[in-house]
Amino acid sequence: MFTLPALTSDISVEVNSSAKQSEIVRRPIEPVGKFFLHHAQRTLRNHTWSEFEKIEAEKNVKTVDESNVDPDELLFDTELADETLLIHDPRDWKTADLYAAMGLSKLRYRATESQIIKAHRKQVLKYHPDKKSASGASLDQDGFFKIIQKAFETLTDPTKRSQYDSCDFEADVLPPKKGDKYDFYEAWAPVFESEARFSKKSPIPTIGNAETPKKEVEQFYGFWNRFDSWRTFEFLDEDVPDDSSNRDHKRYIEKKNKAARDKKKTADNSRLVKLVERAMSEDPRIKMFKELEKKEKEQKKWEREAGARAEAEAKAQAEIEAKAQAEAEANAAASAKADKKKSKEAAKAAKKKNKRAVRNAPKDAAYFGDADKADAIEQQVGLIVDSIDDEQLIAIAEKIKADSSATKAALQEIAQTLSSSDRVPASMLSYFL
Amino acid sequence: MSSPIIGISFGNTSSSIAYINPKNDVDVIANPDGERSIPSVLSYVGEDEYHGGQALQQLVRNPKNTIVNFRDFIGLPFSECDASRCESGAPVVDVNGKAGFVISRGEGKEETISVDEVVSRHLNQLKLAAEDYIGTTISQAVLTVPTNFTDEQKAALKASAAAVGLNIVQFINEPSSSLLAHVEQYKFEDDVNVVVADFGGVRSDAAVIAIRGGIFTILATEHDKKLGGENLDAELVEYFAQDFQKKNQANPRKNARSLAKLKANASITKKTLSNATSATISIDSLADGFDYHFSINRMRYELVTNKVFSKFSAFIESVIAKAGLDLLDINAVLLTGGVAFTPKLSSNLEFLFPESVEILGPQNANATNYPNELSSSGAALQAGLLSAYDADELAEALQPIVINTPHLPKAIGLAGANGDFLPVFLPETSFPVQKKVVLKAATGDLLVGVYEGESFIEEKTVEPTPVEQDEDDSEEWSDEEPEVVREKHYKLGNKLIELGVKGVSKGVEIIFNIDKDGKLRVVAKDLKSGSTVKGEL
């Protein structure tokens, strides 16, 4: 064992550069072997050691990757999936998990024929009674080996395998519990995948994802609503006694089996229908499509009713306008009426005023010097005032107002007009005629 | 998939071909006769051409038209060719200053073939065998050559190969190739010095190779063109001939055909004795109508051939001496070539070398069982690596600037607590190089002293521990001679860098780095805190 001497002085790096190295010798090396080729590579490409090591390491990694292990082997169980199989009664082999016995519990119905043969060989090598007896067990302890053989027999026969697969409830994937929160696609995809194994038809559409177009989603549910299953339940049949001693009993059992099978099949079908219904009801895409459809309908309706709506709107507008106009008119009328009344009253007041002014005019003019005839004058002026119309009144009132001296002449003029038009008899206007 | 590049080991006596199969294993290719080690022999009978083992059989009946041991002649002027080695087959003649062969193709027709053409035909046969085996056309190969092959010889080989549509991507040295194949299968933990000894049929080559961080450097080579498996055959033939003469008063050496028969059978017997402890030789009408039958055990065989084996041992010692190394500097001896099958070779070497040296022959569990296929396997491995490169990249990688690298003359390492020395870089380490030393047990304040180290051999004389004097055994086991134990040690040389590391609790990691200019960088890193101390020289 080589040991390094202990460090006595405090040296970190000391290079004896004065040391005369012995003369080097140049010799040809033999151009053979991989080490020479590596050397050549390093020399020609001027790689340093670390660079070269890196390149070589990369190469090595690749070669390891390329080494091939049988890909099937990786899919087999490394250990027995169910330890209780070892003590399972081989007479009850039908109740045993045959795939687990074969070490195919991960593959189940997906296992190909060659995989089954390989797995069987592997299991036989491990569990053969000869092998077991070599390690001390008695030769009678071959129950599990019998199950393996039964499993092999069942799984390599296509008919028997399809019957077994039909009743392989271990491979069923249960739908998510109601009320739980889950990702629809993640939770339901394996459910449909496991159900799809019974399909008579292919290809089988996949559940897709949130972006799957409507047509495909509809196709998917269409497929599942019309699902054609080959699932049969013969495997669960009660054993038919094969002795011919009791034919009736045999027939009875057969009949019973058939009935049970049909019942199971019906139950299975309805289970599937319910399953698909539930999936459909939970499918966020279906909901989305429904909502979209509703919206679209409304949109269409909206568009369709656009004309009528415009009409109604116009009508309402017209109504409003008419109403406003009527109101305005009414207002105007009312105000006009009030104005009229006012002017009437004003006119009345003016008339009264004019009448009074006219009646009082002779008095103001001191009865034109004829004070003795004052009563007659006043009587006749009163008569004139009452007889003339408004215009004449206004005119005479204006005249009198403008020139009180001309009152008599104005009154004479009007009396003349009245008597000539026979509205007042001339006799009653004697003063002014 | 593009056609693979094959590796060809082309020997004087036998050749072999290999390639990396799709499973990434080295596959040594057998020819249609099922021979993985294909004799480098061509034989002509009339229009027909025979190759490999079938041609080798012709050596008895049709020696004049059977071409053997031709590899070493390629690219050499005729004057330098050793004609004696072709004595048993078609004689080598001068063709335009080069070696060639004159063979008859039946009915008085004669064909003069230059050695280039012979090599072409041989390579073509190998190529056909490989194509037959792999199922695709082959156009590229890595070819192994002895370390002393000249550039002209390589050029001639390349031209011969190109003549049959085979492009030689790279020539690699036989010892490096064999070592590469060995290292691929049985890794050396540390940097080591290895003697690669190739004992072929007619020649022997040895090289001392230093492996430093996976890179090979040849320190010395040695060649013996007259030493090989045939020397063993010759000893055996002589032994059998004497025995036969004694029994039958007939000399099988006088008659070329008898001699050829005897040689062929002696060779088979030799090979059998590598695996079994006894073998029989049985030849009908060996000479003068006398049959020959003899049973020989391995012990007898080893005695008969003792002289040759000591030559082999001496040969290996000579190459180590040439490299300027001591036996203790060697960590392993890798035996390749056909003779390596012989157990005696390994046991002799085990006796010669100290216990620390591993003799990597077929008897060793840590070495291949087919030492004659190492060379081609190595070529195939190299071919497999090169398939990821294109011609330009390869040419770039083979530039002198890449290949000629500086090497450390002396070891560099750490000084220990008791004045001991832990070599990190052994002598002959080519740089740039980087190495990591992790001392997990180190705690407290530590001094990291980096020194040059010098090795020396210490010889100790160990007095054997006095065994309890047992009355009966004392006389028989008088192994009382003092034993000399030689050990390799290092002493501290020049001090280079000292680093102080404080408060280490969970060990230190020391990274040594020498860049291409010879600059030494030492970084000590506390494994717990991650703090580092750097020194540069």
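Every chain is numbered from 1, with letters handed out A, B, ... down the list of sequences. Basis for what follows: all heavy atoms, side chains included, without hydrogens, waters or symmetry-related copies.
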Is any side-chain heavy atom of [Y] closer than 4.5 Å to one of [X]?
| X | Y | result |
| --- | --- | --- |
| Gln41(A) | Tyr389(B) | yes |
| Arg42(A) | Pro432(B) | no |
| Lys34(A) | Leu381(B) | no |
| His38(A) | Ile215(B) | no |
| Phe216(B) | Val32(A) | yes |

[atom1]-[atom2] distance between [X] and [Y], expressed to the nearest 0.5 angstrom:
| X | Y | atom1 | atom2 | result |
| --- | --- | --- | --- | --- |
| Phe36(A) | Leu385(B) | CZ | CG | 11.0 Å |
| Thr147(B) | Glu30(A) | OG1 | CD | 8.5 Å |
| Leu44(A) | Gln399(B) | CG | CD | 6.0 Å |
| Ser430(B) | His39(A) | OG | NE2 | 6.0 Å |

Look at atom [atom1] of [X] and say whether more than 12 heavy atoms of other residues, nucleotides or ligands are closer to it than 6.0 Å.
| X | atom1 | answer |
| --- | --- | --- |
| Lys525(B) | NZ | no |
| Lys519(B) | NZ | no |
| Glu113(A) | CD | no |
| Lys106(A) | NZ | yes |

Structural part of Leu37(A) lying under 4.5 Å from a heavy atom of chain B: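 Contact with chain B is through both the backbone and side chain of Leu37(A).
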Contacting region of [X] [heavy-atom separation from chain A under 4.5 Å]:
| X | value |
| --- | --- |
| Ser176(B) | both |
| Val142(B) | neither |
| Ile510(B) | side chain |
| Gln170(B) | side chain |
| Ala379(B) | neither |

Choice from [options] maximising heavy atom contacts with chain A below 4.5 Å:
| options | answer |
| --- | --- |
| Leu219(B), Ile401(B), Ile209(B) | Leu219(B) |
| Ile403(B), Ile497(B), Asp445(B), Thr217(B) | Ile403(B) |
| Asn513(B), Thr405(B), Val508(B), Val450(B) | Thr405(B) |

Side-chain donor or acceptor of Glu396(B) paired with backbone N/O of Ala40(A) under 3.5 Å: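 No, because the side chain of Glu396(B) does not come within donor-acceptor range (under 3.5 Å) of the backbone of Ala40(A).
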Sidechain N-carboxylate O distance under 4.0 Å for Glu428(B), Arg26(A):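 No.
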Closest heavy-atom pair and its distance - His407(B), Arg27(A):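 Nearest pair, atom of His407(B) first, then Arg27(A): CE1-O, 3.3 Å.
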